[in-house]
Engineer: 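Below you will find the structure I want to go over with you.
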Amino acid sequence: MTTTITHFINGADTIGAGDRTQTVYNPATGEATGELRLANRADIDDVVAAAKAASESWAETSLSKRVAVLFKFRELLAENVQELAKIVTSEHGKVVSDAAGEVGRGLEVVEYACGAAQSLKGEYSDQVSGGIDVFSFRQPLGVVAGITPFNFPVMVPLWMAPVAIVTGNAFILKPSERDPSASLFLARLWKEAGLPDGVFNVLQGDKEAVDGLLTHPDVDGISFVGSTPIARYVYETGTQHGKRVQALGGAKNHAVVMPDADMDLAADHINAAAFGSAGQRCMAISVAVAVGDAAEGLVAKLKERAEAVKVANGMEPDADMGPVITPQSKARLQKIVGEAQDAGAALIVDGRDLVVKDHENGFFVGPTVIDHVRREMTAYQEEIFGPVLAVVRVANIEEALDVINSNPYGNGTAIFTSSGAYARAFTRGVKVGMVGVNIPLPVPVAWHSFGGWKDSLFGDHHIYGPDGIRFYTRGKVVTQRWPEPKQASGASFAFPSN
């Protein structure tokens with residue numbers, strides 16, 4: 001049996017006016033589990049109208065009351081981690097422990113947003129001129145929307161909504177069509193936390209919903225996380241329609257392994273970073289750059305660890321990795337791996353034909369390791385977004401930096417080394433937004449901001465943290481004087497400043 005997955009508009013589950021639907025699947029079994037209602041123009045207008053009406057009163061709500069709702073939401077979210085994780089696993093496929101970790105990282109952003117009063121403090125300059133003071137403060141944009149990807153159906157919305165809401169905006173979430181149910185669970189938690197109706201809404205849909213939000217005159221800002229081609233489209237379309245846009249795109253994340261690195265440490269962490277969540281992370285390590293003598297030992301250890309990964313239904317408590325999201329994703333991965341082999345790469349571990357017992361219809365691809373990958377190969381050039389690790393061999397750290405810096409993406413990277421000199425040269429010289437030293441997934445904690453360089457980010461603002469506060473607010477500066485009535489105006493055409 002399948003369930004109907006609805007919108008959440010103005011505080012209530014809403015079927016909507018759109019008559020198109022899309023099937024939602026459990027990737028581990030291949031079974032249809034839900035029928036998703038897709039928005040049409042009337043639904044888009046309804047959700048924006050509800051958000052606009054709510055934003056006007058919410059923006060005037062005291063900061064202390066907004067923060068109180070955030071604290072209650074944080075409490076409810078913490079109480080429901082396991083239930084949310086199971087919802088994610090049932091539609092995404094990632095193992096439950098990974099899904100629970102996703103909720104935990106989202107909780108960090110909620111906790112950061114609870115301290116927004118500190119970030120929203122303005123500045124005051126006394127007596128800048130005769131009897132004149134200047135002060136500044138920040139105000140919300142109004143109605144903002146978040147367009148989020150399938151790979152983190154809880155964490156990425158929580159990168160956006162708590163910061164947007166605590167700063168006084170109304171928020172519309174357009175989640176992925178592939179795993180939409182977690183969005184409705186979040187909506188109910190917001191309502192239970194006491195958030196006024198219309199401040200958090202969920203609009204289910206596809207490109208029609210995205211385009212409607214990008215062009216709607218009453219939407220003031222757009223946050224997006226997804227592939228680079230769509231990020232570029234979102235940024236260009238949104239800005240052309242006068243919106244503030246932050247659009248985070250794709251990645252090709254490299255982990256450099258120096259000959260002096262702890263090889264077991266490097267292999268363990270690269271293995272987890274490449275195959276966790278079946279490689280469906282924008283911060284997944286998809287390229288290991290083996291420097292000099294590191295190559296042979298590293299590849300041997302990666303092979304051993306990849307073959308030990310337990311691939312199973314993500315609901316199984318001892319599973320390490322689940323399926324990929326769709327059969328189309330599986331077919332694409334198989335094609336890319338085959339092309340690399342045909343082009344001369346060495347297939348060290350081949351997971352293309354993995355079959356999980358009792359889950360023969362699931363969308364499974366096993367961990368795959370390809371050695372001697374060259375930069376002109378598709379396996380290197382494309383964002384694979386699956387459990388495929390390419391090994392590129394280079395002679396020295398300078399060549400390693402050239403490999404990374406010449407890549408169009410600049411999301412995340414890492415170096416494994418015992419040398420502070422190598423680490424410093426790498427962190428200063430690499431053209432990437434987030435860098436790890438002996439850490440494979442350098443996702444910043446919530447009080448810093450997340451974002452890459454080059455084709456991994458379109459817009460001036462990174463997401464969450466201090467940049468999130470700045471993105472969802474506008475600065476205002478007030479210059480004031482309160483002269484005594486008996487004083488002459490002292491007006492001048494000379495534009496005086498003293």
Side-chain angles (χ1 to χ4, degrees), residues 1-5 21-36 82 85-102 149-153 176-182 271-272 274-281 284 286 302-342 347-370 378-379 382-390:
M1 294 182 62
T2 60
T3 59
T4 298
I5 303 168
T21 63
Q22 180 168 316
T23 303
V24 177
Y25 295 91
N26 181 333
T29 63
E31 297 172 341
T33 58
E35 202 67 22
L36 179 70
Q82 290 304 315
K86 290 177 181 176
I87 292 171
V88 171
T89 297
S90 69
E91 292 182 346
H92 175 281
K94 66 175 67 176
V95 300
V96 171
S97 60
D98 188 21
E102 167 186 346
F150 78 85
N151 58 327
F152 287 104
S176 170
E177 313 92 284
R178 297 172 183 174
D179 46 8
S181 294
N271 182 67
F275 305 130
S277 197
Q280 298 172 125
R281 294 170 173 159
S286 57
L302 289 173
K303 179 178 187 297
E304 175 186 334
R305 285 157 175 78
E307 290 175 340
V309 172
K310 180 175 180 180
V311 183
N313 186 323
M315 293 292 187
E316 294 186 19
D318 60 344
D320 296 316
M321 192 185 100
V324 295
I325 189 70
T326 63
Q328 291 80 11
S329 295
K330 176 177 179 176
R332 177 175 173 270
L333 294 169
Q334 291 171 325
K335 179 175 181 289
I336 290 173
V337 173
E339 288 174 350
Q341 188 177 26
D342 292 342
L347 198 54
I348 305 301
V349 182
D350 186 356
R352 287 176 293 177
D353 298 321
L354 175 74
V355 176
V356 175
K357 186 180 179 183
D358 299 325
H359 291 74
E360 288 77 11
N361 294 323
F363 314 143
F364 290 94
V365 177
T368 299
V369 180
I370 316 170
T378 304
E382 291 194 12
E383 183 184 23
I384 296 178
F385 226 63
V388 178
L389 176 66

Engineer: If you look only at pairs with a residue in residues 353-368, which of them pass as a side-chain hydrogen bond (donor to acceptor under 3.5 Å, both in side chains), with sequence neighbours excluded?
Structural biologist: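 side-chain hydrogen bond (donor to acceptor under 3.5 Å, both in side chains) check on residues 353-368 returns Asn313-His359.
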Engineer: Please determine whether side-chain contact (heavy atoms from CB on, under 4.5 Å) holds for the pair Lys94 and Phe152, giving the CA-CA distance in whole Å, both sets of side-chain angles, and the decisive distance to 0.1 Å.
Structural biologist: CA-CA 10 Å; Lys94 66 175 67 176; Phe152 287 104; 3.4 Å; yes
Engineer: What closest approach, in Å, do Ser329 and Ile325 show between heavy atoms, and which atom pair accounts for it?
Structural biologist: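 The answer is OG-CG2, 3.5 Å.
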Engineer: Side chains of Leu389 and Leu302: does their closest heavy-atom pair fall under 4.5 Å?
Structural biologist: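 Heavy-atom side-chain distance check passes, below 4.5 Å.
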Engineer: Restricting to non-hydrogen atoms, name the atom on Val324 and the atom on Ala278 that form the minimum distance, rounded to 0.1 Å.
Structural biologist: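 Scanning both residues completely, I find the closest heavy atoms to be CG1-CB, 4.2 Å.
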Engineer: With Glu339, which residues qualify under side-chain hydrogen bond (donor to acceptor under 3.5 Å, both in side chains), at least two apart?
Structural biologist: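 Applying side-chain hydrogen bond (donor to acceptor under 3.5 Å, both in side chains) to Glu339 gives Lys335.
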Engineer: Dump the intermediate steps for side-chain contact (heavy atoms from CB on, under 4.5 Å) on Leu333 and Ile384, then the final yes or no.
Structural biologist: CA-CA 7 Å; Leu333 294 169; Ile384 296 178; 3.1 Å; yes
Engineer: Decide yes or no for Phe150 and Gln280: does some side-chain heavy atom of the first lie under 4.5 Å from some side-chain heavy atom of the second?
Structural biologist: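 Counting from C-beta outward, Phe150 and Gln280 do come under 4.5 Å.
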Engineer: Indicate yes or no: does Asp98 engage Arg281 in a salt bridge with an N to O separation below 4.0 Å.
Structural biologist: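 Yes.
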Engineer: Start with the C-alpha gap between Asp320 and Val311, add the side-chain angles, then the distance that decides, and say whether side-chain contact (heavy atoms from CB on, under 4.5 Å) holds.
Structural biologist: CA-CA 6 Å; Asp320 296 316; Val311 183; over 6 Å; no
Engineer: Ignoring hydrogens and geometry, is there a side-chain-to-backbone donor-acceptor pair from Thr89 to Ala85 under 3.5 Å?
Structural biologist: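 Between the backbone of Ala85 and the side chain of Thr89 there is a qualifying donor-acceptor contact (under 3.5 Å).
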Engineer: One thing to verify: whether Lys86 and Glu91 come together as a salt bridge, which I'm taking to mean a side-chain N less than 4.0 angstrom from a carboxylate O.
Structural biologist: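 Salt bridge flag = no for Lys86 with Glu91.
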Engineer: Quick one: closest heavy-atom pair of Ser90 and Pro27, and the distance?
Structural biologist: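 Closest pair (atom of Ser90, atom of Pro27, distance): O-CD, 3.9 Å.
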Engineer: Given the rule in the side-chain contact (heavy atoms from CB on, under 4.5 Å) test, do Val337 and Leu347 qualify, once you have shown the distances and angles that lead to the verdict?
Structural biologist: CA-CA 8 Å; Val337 173; Leu347 198 54; 3.7 Å; yes
Engineer: Can you see which heavy atom on His92 is nearest to which on Ser277, and at what distance?
Structural biologist: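 So the minimum-distance heavy-atom pair works out to CE1-OG, 3.5 Å.
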Engineer: How close do Ala100 and Gln82 get, heavy atom to heavy atom, and via which atoms?
Structural biologist: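 Residues Ala100 and Gln82, closest heavy atoms: CB-NE2, 3.9 Å.
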Engineer: With a 4.5 Å cut-off on side-chain heavy atoms, are Val369 and Lys303 touching?
Structural biologist: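 No - every pair of side-chain heavy atoms lies 4.5 Å or more apart.
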Engineer: Taking side chain as C-beta onward, heavy atoms only, is Ile336 less than 4.5 Å from Val388?
Structural biologist: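 They are not in contact (no side-chain heavy atoms under 4.5 Å apart), so the answer is no.
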Engineer: Quick one: does Gln334's side chain have a donor or acceptor within less than 3.5 Å of a partner on Arg352's backbone?
Structural biologist: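 Yes, the answer is positive, given that a donor and an acceptor are paired below the 3.5 Å cut-off.
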Engineer: Nearest 0.5 Å, please: how far is CD in Glu31 from OG1 in Thr23?
Structural biologist: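 With rounding to 0.5 Å, OG1 (Thr23) is 13.0 Å from CD (Glu31).
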Engineer: What residue among Thr2, Thr3, Thr21 forms side chain to side chain donor-acceptor pair (under 3.5 Å) with Glu35?
Structural biologist: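 The residue from Thr2, Thr3, Thr21 that satisfies side chain to side chain donor-acceptor pair (under 3.5 Å) with Glu35 turns out to be Thr21.
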Engineer: Any chance you could measure Gln328, atom CD, to Phe363, atom CZ, to the nearest 0.5 Å?
Structural biologist: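 It comes to 8.0 Å.
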Engineer: Looking at every heavy atom in both Gly362 and Lys330, which two are closest together, and how far apart are they?
Structural biologist: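 Answer, listing the atom of Gly362 first, then Lys330: O-NZ, 4.2 Å.
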Engineer: So, does Arg332 use its side chain to make a donor-acceptor pair with the main chain of Phe385 at under 3.5 Å?
Structural biologist: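 Not confirmed, Arg332 side chain does not pair with Phe385 backbone.
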